[in-house]
Amino acid sequence: MPGYIIQRLLQAGLVMLAMSALVFAGVHAIGNPIDLLISPDATQDIRAAAIAHYGLDQPLWRQYLAFLGRLLSGDLGRSLVFNIPVTELVFSRMPATLELALSAVLIGAVIGVPLGMWAGYRPDSVVSRGIMAVSVLGFSVPTFWVGLILILTFAVNLGWLPAGSRGPTVEVFGIGWSFLTLEGLRFMLLPALNLSLFKLALMIRLARAGTREAMLSDTVKFARAAGLSEFTILRHHVLRLISIPLVTVFGLEFGSTLAFAVVTETIFSWPGVGKLIIDSITSLDRPVMVGYLVLVAFLFVTLNLVVDLSYALLDPRLRRGRHAA
Amino acid sequence: MTLLQVRDLRTHFLTRAGAVKAVDGVSFELGRGEILGLVGESGSGKSVTGFSLIGHVDPPGRVVGGSIRFDGQELVGLAPPRMRELRGRRIAMVFQDPGATLNPVLTIGQQMVLAVQAHRRLPERDARALAAERLTRLGIPEAPARLDAYPHEFSGGMRQRVAIAMALLHGPDLIIADEPTTALDVSIQAQILVEMRALARESGTALIWISHDLAAVAAVADRIMVMYAGRIVEAGPVRATLAAPRHPYTRGLLDSLPATTEPGARLRQIPGHTPALLSLPPGCPFAPRCGYADATCMTAPPVIEQDGRMARCHHLLEPSP
């Protein structure tokens with residue numbers, strides 16, 4: 001097991017290195033931020049000084065090495081627009097996105113897995129067909145459209161819930177969270193639902209496929225022969241048998257939602273990192289783009305690692321160092 | 001004393017192509033503590049017979065007729081919750097491949113506790129103690145500690161012992177063992193065979209041993225039933241039946257055992273293969289493969305019963321000289 005962890009950590013490091021190089025080169029190709037930062041009628045001297053100040057006169061590989069050097073000490077540079085450290089900027093927006101993404105993925109899993117298991121358990125029933133129709137809808141209807149319809153229905157027409165922005169926050173460990181108050185939850189409900197629809201559809205599909213397969217297994221036949229109730233079989237045997245793909249997708253979806261909740265955050269003007277990255281792209285705020293993408297890569301690598309390690313928890317056969325008697 | 005009385009059991013699989021008559025008019029009785037060997041080739045309906053008894057035939061199959069009386073209670077048409085109360089508690093089942101039947105991601109203890117609590121409201125600690133006691137009885141060393149092990153940490157033979165221990169948890173009246181030793185090494189097969197026979201004798205549990213292995217059945221059973229194409233073609237006490245089979249099919253099965261063939265000689269196999277159950281020939285289903293078949297075999301063979309034996313054939317074999 002320790003060998004496995006070391007191997008995975010080395011892999012993770014390599015992925016990070018490759019990702020940072022790609023991002024750095026890619027963002028460099030988009031455009032020169034200097035053109036946006038200083039006024040067109042600045043003198044040649046001021047222009048040259050500004051270029052030198054941001055290190056943009058150096059060849060790309062030197063800029064990259066300097067960036068890597070700072071990265072190793074946890075410094076992602078300063079935003080050209082806000083003139084504050086990128087890490088500070090990203091982390092100030094992160095809690096909003098974090099609570100939104102987590103609640104979306106949780107809604108998807110907590111509702112989607114039981115629905116999917118039922119659809120897999122009784123594939124031909126009317127209820128199961130209804131569940132599958134919801135799942136097809138969740139896959140095929142675009143997020144922005146659902147978001148607009150949700151706002152139109154629940155905020156504009158019914159007036160039950162706020163149309164956008166984040167509710168009041170409560171400080172815990174120096175970070176503001178809005179899910180701790182009822183009012184905060186009211187603000188979060190619509191964007192979270194909007195984000196969760198796709199995940200819900202995905203979880204239903206996965207749980208259904210896994211359950212259908214597991215129900216035909218000898219394990220389930222044997223459990224039935226032992227007189228276990230169908231609920232116990234589903235709850236204890238089947239859920240454990242199908243958990244690996246579910247946890248994988250849960251992890252990946254959580255990561256991608258954290259990184260790319262852009263559409264939903266924009267529609268609901270949710271002050272998260274998704275809005276930050278869109279703003280920084282329009283203003284060519286290079287350090288924010290690079291820093292953000294590197295952080296996202298780090299997030300994915302970490303989540304993948306956690307998911308991989310959790311396999312060993314879920315499937316004892318993957319644990320090493322224990323042998324058959 | 002009769003424990004199980006099966007009358008004209010018919011289990012059909014209703015497919016789009018028509019009804020596959022996997023079990024078609026099977027009747028037999030089983031006394032308490034009796035061991036019955038149910039023999040046949042793949043597709044003869046022997047496993048489906050077993051699953052019919054516990055009321056768990058995979059769809060699209062279902063019991064379409066007949067009667068199963070278990071200890072005076074009719075099982076055909078019994079409400080599923082009543083049937084579930086019997087399963088595992090009074091009728092247990094052991095399957096062929098313990099590697100596939102035990103849940104690979106739960107410990108032996110977790111699975112056994114679930115099986116205990118399916119029928120008895122016992123706190124987990126007592127359920128574990130019961131499980132450990134049964135494992136010990138099946139010869140699993142350090143059973144209490146082994147409860148926390150996973151199936152893959154056991155050898156194939158040990159896994160099957162665990163499965164048998166689970167079947168014994170509630171002291172059932174009847175255990176249906178569906179090819180329980182087929183997936184095991186020959187030496188382990190013999191051990192399990194002997195132990196199961198001893199356990200059944202000791203606890204007065206009746207046993208239906210489903211197998212294609214005549215040698216195993218000869219070693220374990222009191223009586224034997226030979227199934228072919230969903231019907232019982234021959235039944236009787238195991239020694240007498242195997243010493244002097246009356247049905248040509250039983251003879252063919254015996255002859256195809258390597259042990260009965262001269263060393264170096266070509267194995268005698270039954271020509272042809274099991275018929276498709278959708279298109280059974282009229283009359284005797286074995287006729288196309290039978291060396292004794294003639295025109296009379298185009299009509300349904302009579303059931304001939306004498307001195308405690310039964311055979312379904314127009315041309316009963318005389319004991320070979």
Side-chain angles (χ1 to χ4, degrees), chain A residues 1 113 117 120-125 128 206-207 210-248 307-325, chain B residues 50-51 53-56 58-59 80-81 83-107 110-119 140-142 145-146 148-156 158-159 163 166-167 169-170 172 175-176 178:
Chain A
M1 197 75 192
V113 172
M117 285 180 74
Y121 176 66
R122 284 279 143 84
D124 296 320
S125 76
S128 300
L206 275 172
T211 305
R212 284 196 78 160
E213 201 185 314
M215 288 316 291
L216 298 175
S217 70
D218 279 357
T219 300
V220 167
K221 283 186 191 151
F222 188 58
R224 280 177 169 160
L228 269 64
S229 70
E230 297 289 289
F231 179 77
T232 311
I233 291 174
L234 284 173
R235 160 86 180 68
H236 289 278
H237 281 288
V238 175
L239 185 59
R240 282 298 304 270
L241 283 172
I242 66 171
S243 56
I244 282 199
L246 293 182
V247 168
T248 309
V307 165
D308 276 359
L309 293 179
S310 75
Y311 288 170
L313 277 180
L314 293 169
D315 192 340
R317 287 168 297 184
L318 299 177
R319 283 171 221 165
R320 318 209 170 171
R322 290 177 84 175
H323 297 285
Chain B
F51 279 105
L53 294 181
I54 63 163
H56 246 308
D58 280 331
M83 194 66 224
R84 186 182 78 70
E85 282 169 17
L86 289 178
R87 265 200 309 270
R89 191 168 63 86
R90 302 202 54 200
I91 308 177
M93 195 156 174
V94 178
F95 292 69
Q96 177 173 345
D97 181 5
T101 51
L102 296 172
N103 190 333
V105 294
L106 297 179
T107 65
Q110 287 170 326
Q111 302 185 47
M112 292 187 82
V113 166
L114 287 175
V116 172
Q117 291 176 338
H119 297 294
I140 290 176
E142 297 166 60
R146 299 295 276 161
D148 293 319
Y150 289 92
H152 73 278
E153 296 173 274
F154 290 82
S155 64
M158 281 295 168
R159 276 202 286 261
M166 282 179 78
L169 274 175
H170 299 281
I175 296 180
I176 301 161
D178 187 3

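These numbers come from the heavy atoms of this one structure, side chains and all, not from hydrogens, waters or symmetry mates. Chain letters run A, B, ... following the sequence lines, proteins first and then strands; every chain starts at 1.
Salt-bridge annotation for B:D97 and B:R159: absent, with no side-chain N of the basic residue lying under 4.0 Å from a carboxylate O of the acidic one. Look at A:E230 and A:R224 and you find a salt bridge, because one of the NZ, NE, NH1 or NH2 atoms lies within 4.0 Å of a carboxylate O, short of that distance.
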Practice task
Decide yes or no on ring-ring contact (aromatic ring centres under 6.0 Å, His included) for B:F51 and B:F95, but give the supporting numbers first.
Solution key: CA-CA 11 Å; B:F51 279 105; B:F95 292 69; 5.5 Å; yes

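Under 3.5 Å, the side chains of A:T248 and A:Y311 contain a donor-acceptor pair of N or O atoms.
In this structure, no portion of A:I233 lies under 4.5 Å from any heavy atom of chain B. Only the side chain of A:T232 comes within contact range of chain B, with heavy atoms under 4.5 Å apart. In this structure, chain A has a heavy atom under 4.5 Å from the side chain of B:M166, while its backbone stays farther away. In this structure, no portion of B:A167 lies under 4.5 Å from any heavy atom of chain A. Contact of B:I176 with chain A is not made at all, since no heavy-atom distance falls under 4.5 Å. Looking at B:I54, the atoms closer than 4.5 Å to chain A (heavy atoms on both sides) all sit in the side chain, from C-beta outward. Contact of B:L106 with chain A is made through the side chain alone, with heavy-atom distances under 4.5 Å.
With A:S128 contributing its side chain and A:D124 its backbone, the two residues share no donor-acceptor pair below 3.5 Å. Of the possible donor and acceptor atoms, none in the side chain of B:H119 sits under 3.5 Å from a partner among the backbone N and O of B:L169.
Put simply, of B:P81, B:P141, B:G55, B:A118, the one with the most heavy-atom pairs under 4.5 Å next to chain A is B:A118.
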